[in-house]
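Below, each value reflects all heavy atoms present in this structure, side chains not excepted, and no hydrogens, waters or symmetry copies. Residue numbers begin at 1 in each chain, while the letters A, B, ... track the order of the sequences.
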Amino acid sequence: MLKTLPSVQSVDEALNPVLRQMEDRGVLLDVGYLETVAVDLADQLAELERQIFEAVGHPFLISSPKQLGQVIYSELHLDQADGVNIRKKTTGLSTGAAELAKLQGSHPVIDLILKYREVGKLLSTYVLPLPQLVDSSNRLHTSYAPNAASGRLSSRKPNLQNIPIRTELGRTIRRAFIASPGTILVSADYSQIELRVIAHLSQDPTMLEVFQTGGDIHAKTSEALGIGRRAAKAVNFGIFYGLSAYGLAESLAVSREEAQTFIDGYLGAYPVAAAYIDQLIRQARESGYAETMLGKRRLLPELSSHNEYIRRAAERVAINHPIQGTAAEIMKLAMVLVPKELADHTCCPMILQVHDELIFEVQADHLEAVAPRVVKVMEGVIELAIPLLVDLETGPNWAEMVARPRAQKNTVGL
DNA sequence: TAGACTGGCGCC
DNA sequence: AAACGGCGCCAGTCTA
């Protein structure tokens, strides 16, 4: 446990050799498997293309937003239906997935385009490029760097922080990230770290109580607002992104008025957190910057802009930076301390970081010893007003991970 | 033909 | 115009 806070600079310095080791070690990719996925997806894509041309009556470049917009808006007039409001971009009506979703049911081509986009994205971003990037042992090596603005790490060439997980098809790609023979992948992720950081920084008593008693913050919000869990999650996350009633209405597909009642309900349920958000904006406007727990500053001169759009964007950053940045700092501290704890880490190298998650490749016979130590170090990195909780998962690949129950306190004396 | 820009979308 | 923070990568398009 840290007595006094280190500087951002000293953390980044200590982190550097850790990152280089992770990059050097890399992660094993099942190249043969991914090549069979490639064939399957390429077939699917060709068939979808055929069906789209048939539905529309002529061929065109489906992946060109310009041509696609021409087809669905100028030719088919799908934006003209009642109650449909398609967002505009600088060059015309948007053809993004959220807008196409509003058109579902109005024409059979919409579902085909959404599927085409999903398959095409996975094929061109992951399935085809990744096998080209492995070394002679089929391992992938990314490059990590702390980001200048946010303090978070970024991963590039290839980016291993955006490997699909959300859809079933996406998980077929994640399955290609495998544990080498004799090892197991261990994932340790901070549970709701941003929300805990908000609770700590704001000292909102209701939030503190939820986290101190092992409660469920989404359930709490859901109950307080009388809304479903999905909507409650959107509100909980949206608040620290500085969301508007408009944005919440869009993402939940509810009316603006309804979205506003959700936001008002949130501010009523967590009044101290609400005041804290106001204070973040005020402080940043007065000082000219937003600041994290370790004092990383982000200059925000736009807070004084007379352009409302520019000013609002800066206000959202003033809210988000201290929260996202502080969470990133907690993770960086963990990344420095965990390898120290596992002093001889040839048994269990840390190989990946995805913002709130660390992945280790652990020799099977070391799992029982290593797992509780990783959790203990991560949870003890710093003392906040509420506990930090780490969830552990293990598996043969990155798609098929199962929760590893927390060690029980031995109260029965067996 | 290379590089910049735009829209789009994968993750947290 | 765009409307929710932080990233990196892709295809298509535009421009020098």
For this session: Taking only the side-chain heavy atoms of A97(A) (C-beta and beyond), determine which of dC9(B), dA2(C), dG7(B) contains the nearest atom.
Result: dC9(B)

Exercise. When you measure from the side chain of K66(A), which nucleotide among dC14(C), dC12(B), dG7(B) comes out closest?
Worked result: dC14(C)

Exercise. Has the side chain of R152(A) got a donor or acceptor that lies under 3.5 Å from a partner of the other kind on the base of dC12(B)?
Worked result: yes

Exercise. Using a cut-off of 4.0 Å on non-hydrogen atoms, how would the nucleic acid contact of I323(A) be classed: base, sugar-phosphate, or nothing?
Worked result: nothing

Exercise. Looking at R312(A), does any N or O in its side chain come under 4.0 Å of the phosphate oxygens OP1/OP2 on dA3(C)?
Worked result: no

Problem set entry | Nucleotide nearest S63(A) (side chain, heavy atoms from C-beta), chosen from dA2(C), dG12(C), dG8(B) | dG12(C)

Seminar exercise, completed: E49(A) CD to dA11(C) P, in whole Å, measures 15 Å

For this session: Could you please name the option among dG8(C), dG7(B), dC14(C) that lies closest to any side-chain atom of P65(A)?
Result: dG7(B)

Problem set entry | Minimum-distance nucleotide (side-chain atoms of K89(A) versus dC9(C), dT13(C), dA2(C)) | dA2(C)

Exercise. Are OP1 or OP2 of dC11(B) and a side-chain N or O of R174(A) less than 4.0 angstrom apart?
Worked result: no

Exercise. Is there a side-chain polar atom (N or O) of R316(A) under 4.0 Å from OP1 or OP2 of dG5(C)?
Worked result: yes

For this session: Just compare dT6(B), dT13(C), dG5(C) and give me whichever is closest to any side-chain atom of V317(A).
Result: dG5(C)

For this session: Starting at atom CG of L160(A), determine the distance to atom P of dC7(C), rounded to an integer number of angstrom.
Result: 18 Å

Exercise. Do I277(A) and F240(A) have side chains that get closer than 4.5 Å, going by heavy atoms?
Worked result: no

Problem set entry | cation_pi(R297(A), Y289(A)) dist<6.0 Å, angle<=45 | yes

Exercise. Is a donor-acceptor pair below 3.5 Å formed from side chain N162(A) to base dG10(B), judging by atom type as modelled?
Worked result: yes

Exercise. In terms of side-chain heavy atoms of N147(A), which of dG6(C), dG7(B), dC7(C) is nearest?
Worked result: dC7(C)

For this session: Could you tell me whether the phosphate oxygens of dC4(C), OP1 or OP2, come under 4.0 Å of any side-chain nitrogen or oxygen in S244(A)?
Result: yes

For this session: Provide, to the nearest angstrom, the distance between the OH atom belonging to Y126(A) and the C1' atom belonging to dC9(C).
Result: 8 Å

Exercise. Say you pick atom C1' in dC5(B) and the same atom in dA3(C); how far apart are they, in whole Å?
Worked result: 22 Å

Exercise. For dC7(C), does OP1 or OP2 lie under 4.0 Å from any side-chain N or O of S155(A)?
Worked result: no

Exercise. Expressed in angstrom and rounded to an integer, what is the separation of I86(A) atom CD1 from dA2(C) atom P?
Worked result: 14 Å

Exercise. Between the base of dG6(C) and the side chain of Q324(A), is there any donor-acceptor pair under 3.5 Å?
Worked result: no

Problem set entry | From NZ (K157(A)) to OG1 (T142(A)), nearest 0.5 Å | 10.0 Å

For this session: Give a yes/no on whether any side-chain N or O of T125(A) is located under 4.0 angstrom from OP1 or OP2 of dC9(C).
Result: no

Exercise. Base, sugar-phosphate, or nothing for A149(A), non-hydrogen atoms under 4.0 angstrom?
Worked result: sugar-phosphate

Exercise. In whole angstrom, what separates Y246(A)'s OH from dA1(C)'s C1'?
Worked result: 11 Å

For this session: Taking the side chain as every heavy atom from C-beta outward, state whether V338(A) and M378(A) have any atom pair closer than 4.5 Å.
Result: yes

Exercise. Applying the side chain to side chain contact (heavy atoms under 4.5 Å, CB included) test to V119(A), which of L114(A), D40(A), L45(A) qualifies?
Worked result: L45(A)

For this session: Just call it for G238(A): base, sugar-phosphate, or nothing, with non-hydrogen atoms closer than 4.0 Å on any strand.
Result: base

Exercise. So do M331(A) and L358(A) actually touch side chain to side chain, heavy atoms under 4.5 Å?
Worked result: yes

Seminar exercise, completed: Y241(A) OH to dC11(B) P, in whole Å, measures 13 Å

For this session: Return yes if the base of dC4(C) and the side-chain atoms of S251(A) contain a donor-acceptor N/O pair under 3.5 Å, otherwise no.
Result: yes

Seminar exercise, completed: Out of dA3(C), dG5(C), dT13(C), minimum distance to the side chain of Q67(A) belongs to dT13(C)

Exercise. Any side-chain N or O of S150(A) under 4.0 Å from OP1/OP2 of dG5(C)?
Worked result: no

Exercise. Considering only the C1' atoms, how many Å lie between dC4(C) and dA4(B), rounded to the nearest integer?
Worked result: 27 Å

For this session: Would you classify L153(A) as touching base, sugar-phosphate or nothing, given that sugar-phosphate means primed atoms plus P, OP1 and OP2, and contacts are heavy atoms under 4.0 Å?
Result: nothing

Problem set entry | Side-chain touch E302(A)/E315(A), heavy atoms, less than 4.5 angstrom | no

Problem set entry | Which residue lies more 5' along DNA chain C, comparing K88(A) with E194(A) via nearest heavy atoms | K88(A)

Exercise. Just how far, in rounded Å, is P of dA11(C) from CG of L123(A)?
Worked result: 10 Å

Exercise. Atom NE2 of H321(A) and atom P of dG6(C): how far apart are they, to the nearest Å?
Worked result: 10 Å

Exercise. If only side-chain N and O atoms of S64(A) are considered, is one of them under 4.0 Å from the OP1 or OP2 phosphate oxygen of dG7(B)?
Worked result: no

Problem set entry | Sugar-phosphate, base or nothing in reach of R256(A), heavy atoms under 4.0 Å | nothing

Seminar exercise, completed: Which of dC9(C), dC4(C), dG6(C) is nearest the side chain of K157(A)? It is dC9(C)

For this session: With heavy atoms under 4.0 Å as the rule, sort I165(A) into base, sugar-phosphate or nothing.
Result: sugar-phosphate

Exercise. Would you say the side chain of C347(A) lies within less than 4.5 Å of the side chain of V362(A), judging by non-hydrogen atoms?
Worked result: no

For this session: With the side chain of R117(A) defined as its heavy atoms from C-beta on, choose the nearest nucleotide among dA3(C), dT6(B), dC9(B).
Result: dC9(B)

